[in-house]
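One structure is given below, encoded as structure tokens.
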Amino acid sequence: MSGVRTALVPGVLALLPSYSSLEDPVAALRSACLDAVARLGPRIRVVASGATGGSGAKVGAALVAAVGAVVVEDGETGVLVVGNGSATRTEKAPGHLDERAADFDAALRVSFDGIDAALAADLWADADRLGGLPSLAEAEVVYDDAPFGVQYWVAVWG
Amino acid sequence: MTLELGRHSFGDDEALMMAIVNRTPDSFFDKGATWAEDAAFARVAEVVEQGAEIVDIGGIKAAPGVEISAAEEKSRVVDFVARVRETWPALVISVDTWRAEVGDAVCAVGADVLNDAWGGADPELVDVAAARGAAIICTHTGGVTPRTRPYRIDYDDQGGVVAAAITDTLAYAERALAAGVARESIVIDPAHDFGKNTFHSLEVTRRIGEMVATGWPVLVSLSNKDFVGETLGLEVGERLVGTLAATSVCALAGARIYRVHQVVETRQTVDMVWSIAGRRPPLRAIRGLQ
């Protein structure tokens, strides 16, 4: 990355204001995300999978706005990477249970290097932008859970 | 519009449940189940637990029957209102009465709303509401005498029953305003089945949006009424589904207060429709958004 502080959050659409409920189903995750993003300074570059303006980028931009920072293309004070592990951890997970998911996520927890893109696709992981991130062992991990059968990490490096 | 119901305020995105509490031996739905004061008190406790914001306490059934004097009506409701006020300070207390004398007595012991189901039959009721800082429900009855059934009433003028309901309730509202009742404390009610046959009540339901469009907050009293019964061929006690269907139509149009026997079912219906209308977020939505 660019030598500035970097954070990782999952592209959970429930974090968007337009999908807010009376009771927040992702309160702990939201709190962790806002805490992490608030540490990236006032100018944040968002790195998300998919097309510009895709759902990951939207979630990143919403979090940036929520902490009062702005999204920039360059001259950033911090980088926000949007991605997550598998979405097949349980029978109720979005992609249903895939027995390979737990090992896949455990491997990511050790290192984001050499991710098997085909397996990631099978497991509905949003992993395109995870490659190249330093290990979570080097980060401050403020959230690590799979509450809906989807593996989320919120982490800050640097 | 923000609602001021006596000492209580509600934002303009809130739909309110007004639970019916009868201190009568002969009302059509409960048939005297809460005639005894302790039974009525237990009914209030139940509807508060169910989340009703308002109780509507009545001492005289709407249908014709034995003449009830003002003194007798007061003996049924005044002490009871005082007891409810003392027990539930945050509850809105409405009293279903057309008599100014009764209205004054209940406001003196803590009633917040005068629900005049008979459309201003006693012209001094608005003065009581103004003097006591109470809210008033302005209903349309087509000018009938209190406790009479509609008989061959028709609304032939242009706009039919809805135009008549709007004209009369707005005239009543303006009269209340002129008497000194706060604008935020005036509610209009087309009064289903009052001065109306079933066709009229169905039309009022279908066109309730025209009443909402007047800008005055609208109360609807649909619960288990004869227009539901006649429409579906069902007796009292079998009309909940039909009531909720009518409730849905009124909720989509934006009626604010629902005068009901069944609080839980009506609340679910109105919450669901309120969310469909985009006025209330879902309670907890995560499906597809993980």
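To find a chain, count down the sequence lines: A is the first, B the second, and so on, and within it residues start at 1.
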For the CG atom of B:Leu289 and the CZ atom of A:Phe148, what is their distance to the nearest 0.5 Å? 9.5 Å
Toward chain A, the part of B:Arg287 with a non-hydrogen atom under 4.5 Å: neither
Can you tell which part of A:Val150 gets under 4.5 Å to a heavy atom of chain B, answering side chain, backbone, both or neither? side chain
Please name the pair of heavy atoms, one in B:Gly288 and one in A:Leu13, separated by the smallest distance, quoted to 0.1 Å. O-CD1, 4.3 Å
Within a 6.0 Å radius of atom CZ on B:Phe41, are there more than 12 heavy atoms belonging to other residues, nucleotides or ligands? yes
So how far is it from B:Arg284 CZ to A:Asp24 CG, rounded to the nearest 0.5 Å? 8.0 Å
Do the side chain of A:Tyr152 and the main chain of B:Gln290 share a donor and acceptor less than 3.5 angstrom apart? yes
Sort by residue number and list every member of residues 237-269 of chain B having a non-hydrogen atom under 4.5 Å from chain A. none
Could you pull out the closest heavy-atom pair between B:Ala285 and A:Pro25, with the gap in Å? O-CG, 3.5 Å
